[in-house]
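Every chain is numbered from 1 and lettered A, B, ... according to where its sequence line falls, protein lines coming before strand lines.
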Amino acid sequence: MTQMNEPLLRVDNLTMMYGDRVGCKDVSFELRPGEVLGIVGESGSGKSTLLRSISAQQEPTKGTVEYQTRIDGVRDVYQMSEAQRRLLMRTDWAFVHQNPRDGLRMNVSAGANIGERLMAIGDRHYGNIRSNADSWLGKVEIASERLDDLPSTFSGGMQQRLQIARNLVTSPRLVFMDEPTGGLDVSVQARLLDLLRGLVHDLNLAVIIVTHDLAVARLLSHRLMVMQQGKVIEHGLTDQVLDDPQHPYTQLLVSSILQN
Amino acid sequence: MSEMLHAQNVAKSFTLHTQGSVTIPVFEGVEFMLSAGECIALTGESGSGKSTFMRMLYANYTCSQGSIKVFHDGDWLDITTASPHSILEIRKRTLGYVSQFLRVIPRVPTLDIVAEPLVALGTDRKTATDKARDLLTRLRIPERLWQLSPLTFSGGEQQRVNIARGFIADYPIMLLDEPTASLDAQNRATVLALIEEAKSRGAAIAGIFHDHETRDAVCTGSFDVTSFKVGAND
Amino acid sequence: MEQTVKNPADGAPDYNFAYLDEQTKRMIRRALLKAVAIPGYQVPFAGREMPMPYGWGTGGVQVTAAVIGPNDTLKVIDQGADDTTNAVSIRQFFAKTAQVATTEKTAEASIIQTRHRIPEKELREDQVLVYQVPIPEPLRFLEPRETETRKMHALEEYGLMHVKLYEDISRHGHIATTYAYPVMVDDRYVMDPSPTPKFDNPKMNNMAALQLFGAGREKRIYALPPYTKVKSLDFEDHPFEVQTWEDECGMCGARDSYLDEVILDDQGNRMFVCSDTDYCAERQEAGHRGPQHHDQPLGTADRGKAAE
């Protein structure tokens with residue numbers, strides 16, 4: 001139980017400047033295993049910048065990102081060697097892009113897409129890799145007979161599910177998601193949300209999900225951070241932030257949603 | 001009777017920044033106590049803030065002042081200052097809430113939605129599903145609907161799914177927001193029976209009931225929120 | 001130190017020895033030394049324009065020019081053959097610009113420049129094998145960004161190579177890559193062995209001769225020092241295998257060499273012959289005979305006869 005309470009990720013005073021322009025400023029938070037943190041805000045509010053900086057894709061101007069690694073204890077991800085960092089990123093971390101084309105290899109089969117991370121960490125048994133890929137295809141509700149098909153023959157929703165399978169095959173503990181339901185039809189979104197929620201629960205995944213869709217944030221995240229002009233202006237329990245927003249901008253954001 | 005929830009000197013006001021930052025005071029100086037085995041009706045006329053108060057008890061709304069302590073795992077925790085992690089833990093294991101709104105992911109079968117709180121507590125899926133079946137049966141949701149998403153159901157059916165989900169785990173404290181509002185007599189009787197069962201296992205219950213009969217049937221006491229309205233005693 | 005070669009016979013202008021100027025050769029040798037020091041690592045070099053088009057072996061020619069001396073004997077093969085246009089023209093190029101001895105015999109050569117084959121005869125420590133390489137980057141198939149592939153080499157991130165092999169098996173039931181089959185060099189760098197058939201991959205392993213690779217268009221040099229471990233990538237349950245043939249060489253009867261298929265007529269008659277012409281000729285001189293050899297008694301060379 002003590003391990004549950006130890007943060008998996010600790011972000012401290014993270015600031016990203018583009019010259020004089022603020023990308024994100026003084027962001028601090030902790031994330032525990034199995035916890036889902038939503039980051040909401042309008043386009044340009046700095047949420048994607050923040051996600052890139054946390055996920056070791058863009059070194060911040062200031063501040064630290066510390067991660068509880070499986071073997072080396074707590075490490076500052078920007079103090080790791082590039083080799084260690086890239087290993088972390090393709091094993092214990094995962095990144096789900098809004099556009100599946102950014103997260104998939106479109107010119108190799110679904111099976112190879114899922115198997116890539118396994119091969120990258122030294123799996124050299126074709127049969128095992130293939131059956132592992134097949135079982136993951138099942139977990140994301142794609143029929144086995146599509147294992148050898150190219151992702152380009154998949155629908156948008158299937159591509160997104162394939163991207164998730166490809167990312168989760170190495171059992172990462174931390175998943176970054178950038179608008180994962182962004183380009184999808186409403187009905188397809190629901191299926192993906194359901195799938196994500198199940199996986200998050202079953203695999204005890206910690207997730208940082210960037211979205212501008214408050215309904216998605218409500219259904220998936222435990223905690224919510226609201227960003228405006230690069231700063232976190234409100235941060236708390238998801239339903240508290242959405243149902244009793246305190247900051248003027250959050251109130252505006254919440255009151256702008258069309259009710260259904 | 002052991003005390004389970006204690007609100008002290010609670011105040012609440014809303015500041016509407018989108019409407020010229022007008023501040024609307026709602027309550028001040030609220031003192032409220034809830035013990036195991038009792039069912040307290042929150043009363044007050046429509047618009048008096050019964051639901052607001054209940055949401056504060058659930059930490060869905062923040063408090064402007066005061067404390068709301070909940071007896072959780074042998075300790076008193078103040079939900080007005082507790083971390084989100086603690087609140088989620090409290091909600092998972094101690095504090096149940098039947099709201100008037102069904103908020104679920106589309107496509108998820110009714111049976112899974114009802115079973116979910118038990119699964120989250122670590123009960124194995126089979127046991128949880130069996131209990132969900134029992135509750136749905138008692139609440140007269142036809143079995144042919146169990147594999148469908150409740151979002152396609154009628155208002156009354158959705159309400160009953162919400163109740164089944166709210167009663168599946170034996171929460172020590174339960175908050176019920178108009179649990180019988182859109183139910184027919186038979187189903188209302190079932191809900192009353194569920195509340196009685198909860199009381200007899202020692203649950204501390206606070207509820208908003210729209211009709212006197214229900215209130216009189218299950219409540220051991222009442223609490224009029226109107227007396228704590230700002231300006232009520234002027 | 002400048003050496004020039006005069007060609008009084010055809011009145012050609014004076015060339016520096018082996019065409020390239022000495023500074024360029026020194027630059028290439030420095031790249032070669034670095035390549036030898038880091039087996040399998042692609043070393044950039046300032047490739048020069050050569051008097052032949054890219055794709056005709058300009059990388060190999062520059063490497064050969066940098067290592068050849070007046071006492072060397074040069075052999076040039078293209079797909080195993082000494083008598084194809086590409087091989088003949090490169091051989092003539094060095095005969096003219098360096099006036100070195102040339103040969104078609106593997107055993108007599110001190111430098112062998114090759115396109116797409118390794119001679120069947122085992123090479124020795126006093127020989128150098130120079131490969132012409134069209135595409136030096138084995139990772140490019142799946143990762144087009146050069147910055148990324150360099151980083152992958154640097155960090156030994158080679159999972160992607162197996163993605164390619166995985167794709168092969170899932171499509172064809174076996175690893176269908178038959179040439180430019182990727183190898184792991186000295187347990188460190190993944191290397192493209194140039195478009196040699198995978199049949200030749202095992203010959204690269206622990207070879208006595210120095211192996212040098214030159215990519216002219218992409219201006220890269222890499223190398224395998226003598227006796228370097230070279231392992232073809234594979235899966236535990238789909239191990240690396242070389243091609244095999246049902247047939248023997250129609251001319252010399254060899255069963256252990258790489259065979260080319262030759263279509264004999266419009267009826268689809270065909271025969272197989274050694275791709276290594278020197279190896280085949282040597283065997284024939286030693287008395288070996290295949291079924292289509294002209295010396296064969298009638299009746300056993302039916303298919304060969306039909307072609308006449």
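Highest contact tally toward chain A, considering only C/Leu233, C/Asp234, C/Leu142, C/Leu165, is held by C/Leu142 [criterion: heavy-atom pairs under 4.5 Å]. If you tally non-hydrogen atom pairs under 4.5 Å between each of A/Gly127, A/Gly111, A/Ala120, A/Gly122 and chain C, the highest count goes to A/Gly111. Ranked by heavy-atom pairs under 4.5 Å with chain A, the first of C/Glu156, C/Met161, C/Glu143, C/Glu167 is C/Glu167. Contact count against chain A (heavy-atom pairs under 4.5 Å) is highest for C/Asp237 among C/Val163, C/Ile169, C/Leu155, C/Asp237.
The parts of C/His162 that come within reach of chain A are both its backbone and its side chain, each placing non-hydrogen atoms under 4.5 angstrom from that chain. Neither the backbone nor the side chain of A/Ile114 comes within contact range of chain C; no heavy atom of the residue lies under 4.5 Å from a heavy atom of that chain. Both the backbone and the side chain of A/Arg130 come within contact range of chain C, each with at least one heavy atom under 4.5 Å from a heavy atom of that chain.
The pair C/Asp200-C/Arg117 meets the salt-bridge criterion, with a side-chain N (NZ, NE, NH1 or NH2) lying under 4.0 Å from an Asp/Glu carboxylate O. A salt bridge does not link A/Asp194 with A/Arg191: every distance from a Lys NZ or Arg NE/NH1/NH2 to an Asp or Glu carboxylate oxygen is 4.0 Å or more. At a threshold of 4.0 Å, the pair C/Asp186-C/Lys229 does not count as salt-bridged, since none of the basic side-chain nitrogens sits closer than that to a carboxylate oxygen.
Although no hydrogens or angles enter the test, the distance criterion places a donor-acceptor pair under 3.5 Å between the side chain of A/Gln160 and the main chain of A/Gln98. For the pair A/Gln159 (side chain) and A/Pro151 (backbone), a donor-acceptor distance under 3.5 Å is present.
In this structure, C/Tyr222 has its ring center at least 6.0 angstrom away from the ring center of C/Tyr41.
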